[in-house]
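First the proteins, then the strands, lettered A, B, ... as listed; each starts at 1.
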Protein chains: 2
Amino acid sequence: MDVKTADGPAFDAFAASCPSRRLLDTIGNKWASLVIVALGLEGRMRYSELSARIAGVSQKMLTQTLRGLERDGLLTRTVTPSVPVRVDYELTPLGLSLLGTIRHLKEWAEAHMAEVDRAREEYDRNSA
Amino acid sequence: MDVKTADGPAFDAFAASCPSRRLLDTIGNKWASLVIVALGLEGRMRYSELSARIAGVSQKMLTQTLRGLERDGLLTRTVTPSVPVRVDYELTPLGLSLLGTIRHLKEWAEAHMAEVDRAREEYDRNSA
DNA sequence: CAGCATCCACCAAGATACTG
DNA sequence: CAGTATCTTGGTGGATGCTG
């Protein structure tokens, strides 16, 4: 997280240049992580399949998300110039390695979110 | 990520009830992860120390973030009723375990973000 | 010192309509 | 089918001023 151990305003971690920050900006995105997980499961999907699979996403957000992930080298976009056009998306090796990282998050969540829920109830009860 | 393998609109992962979604909402937060990392390094910090350490955070956001993390059981808030008041924040065991998960993210970022950067340059060059 | 209250600006995200 | 274009909005986050 780019923590400065020296004195001064310390963290520059939130700066756009911090790798961790940029990673969180990516996977913290509501749709990006869903796209990655979907492609991780299916291996390769068409635009319309992704659209159907990820409930609630608008075309705009799906396209925007896919472009971003493509730009980051996390997935590839393949156009087959048939009629009508066919476009397939697939994770790159880089994208697959990130999928592994996301799974770690998932495991923490499944193991500990119940505890978080209990803490919330407790907190809300005491502050009501 | 609560993926439905059955047919239908498939993902309900983005729903508020999905543990992974909620975890990403937490650590995807710009300031929350910084607070956790800061407390992970220092072990225990006063409000003013956190404020000085995390450059650019407003009082509003810092307070809001701390309340959220306290509510989630990730840190404790200890008030010492001296004059003037003294308030200390410290990670709970739960918060410490999350710190470990965040470190995984950091490792991925440090190992792969350079590759992401290259992909971006390439992409931007080809679309210019 | 450690906050709460208020106001405001901004922009990401959704809805809608159109197209190669 | 797989998008693009445009408009609108809500809620996040910052600035400011005040208090136990």
Side-chain angles (χ1 to χ4, degrees), chain A residues 9 11 13-16 21-22 24-35 38-39 42 44-72 75-90 123 126-127, chain B residues 9 11 13-16 21-22 24-35 38-39 42 44-71 75-90 123 127:
Chain A
F11 286 105
F14 71 97
R21 178 76 266 133
R22 304 208 342 264
L24 284 174
D25 286 343
T26 297
I27 65 175
N29 190 318
K30 182 172 182 170
W31 306 116
S33 45
L34 291 177
V35 167
L39 289 177
E42 305 287 328
R44 166 179 267 245
M45 298 176 80
R46 303 182 60 169
Y47 180 91
S48 50
E49 291 174 329
L50 280 166
S51 181
R53 209 62 190 284
I54 303 177
V57 70
S58 63
Q59 303 152 325
K60 178 187 171 183
M61 289 321 296
L62 182 55
T63 300
Q64 188 174 303
T65 301
L66 288 168
R67 289 290 185 280
L69 294 175
E70 185 195 1
R71 185 168 108 104
D72 288 350
L75 55 78
T76 57
R77 176 174 181 270
T78 312
V79 180
T80 307
S82 53
V83 179
V85 200
R86 176 194 177 101
V87 182
D88 288 282
Y89 293 93
E90 190 170 17
Y123 184 93
N126 292 346
S127 62
Chain B
F11 286 105
F14 71 95
R21 179 75 268 134
R22 305 212 338 266
L24 284 174
D25 285 343
T26 298
I27 66 175
N29 191 314
K30 183 172 181 170
W31 306 117
S33 45
L34 291 177
V35 166
L39 290 177
E42 304 287 328
R44 168 179 266 246
M45 296 176 81
R46 304 185 57 171
Y47 181 91
S48 51
E49 291 174 330
L50 281 165
S51 181
R53 207 62 187 288
I54 303 176
V57 70
S58 63
Q59 309 134 330
K60 179 187 172 182
M61 284 293 91
L62 183 55
T63 299
Q64 188 173 301
T65 300
L66 289 167
R67 288 292 183 280
L69 295 175
E70 186 195 1
R71 186 169 107 103
L75 55 78
T76 58
R77 178 174 180 269
T78 311
V79 180
T80 307
S82 53
V83 180
V85 199
R86 175 195 178 100
V87 181
D88 288 283
Y89 293 92
E90 189 170 16
Y123 184 95
S127 62

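- We find that OH of B:Tyr89 is positioned 15 Å from P of C:dC1, with the value rounded to whole Å.
- The side chain of A:Ser48 places an N or O atom within less than 4.0 Å of a non-bridging phosphate oxygen (OP1 or OP2) of D:dA2.
- For A:Arg67 and D:dT4, the shortest distance from a side-chain N or O to OP1 or OP2 is below 4.0 Å.
- For B:Ser51 (side chain) and B:Tyr47 (main-chain N/O), no donor-acceptor pair under 3.5 Å exists by modelled atom type.
- Below the 3.5 angstrom threshold, one finds a donor paired with an acceptor across the side chain of A:Lys60 and the base of C:dA13.
- Between B:Met45 atom CE and C:dA2 atom P the separation is 11 Å, expressed in whole Å.
- Rounded to a whole Å, the CZ atom of A:Arg86 is 16 Å from the C1' atom of D:dG3.
- Judged by distance alone, the side chain of A:Thr80 and the main-chain N or O of A:Ser82 form no donor-acceptor pair under 3.5 Å.
- Between the CD atom of B:Gln64 and the C1' atom of D:dA15 there is a distance of 15 Å, given to the nearest Å.
- Rounded to whole Å, atom P of D:dA5 lies 14 Å from atom CD of A:Gln59.
- Each of B:Asn29 and A:Leu66 was assigned the nucleotide of DNA chain D with the nearest heavy atom; the assignment lying further toward the 5' end belongs to A:Leu66.
- Spacing between atom CG of A:Leu62 and atom P of C:dA15 amounts to 14 Å, rounded to whole angstrom units.
- Proximity of B:Arg46 to the phosphate of C:dA2: a side-chain N or O atom is located under 4.0 Å from OP1 or OP2.
- Atom-to-atom, NZ of A:Lys30 to C1' of C:dA13 comes out at 9 Å; the value is rounded to the nearest Å.
- Put simply, CE on B:Met61 is 14 Å from P on C:dG3, counting in whole angstrom units.
- Minimum interatomic distance between A:Leu39 and A:Leu50 (heavy atoms only, all atoms of both residues): CD2-CD2, 4.2 Å.
- Closest approach of A:Val85 and A:Arg46 over heavy atoms only: O-NH2, 4.0 Å.
- Taking side-chain N and O atoms only, B:Arg77 has a distance below 4.0 Å to OP1 or OP2 of C:dG3.
- Of the residues B:Leu62, B:Ile54, B:Leu66, the one that meets the side chain to side chain contact (heavy atoms under 4.5 Å, CB included) test with B:Trp31 is B:Ile54.
- Side-chain N/O atoms of A:Trp31 include none lying less than 4.0 angstrom from OP1 or OP2 on C:dA12.
- Contact annotation: B:Tyr47 side-chain N/O to C:dC4 OP1/OP2 distance is not under 4.0 Å.
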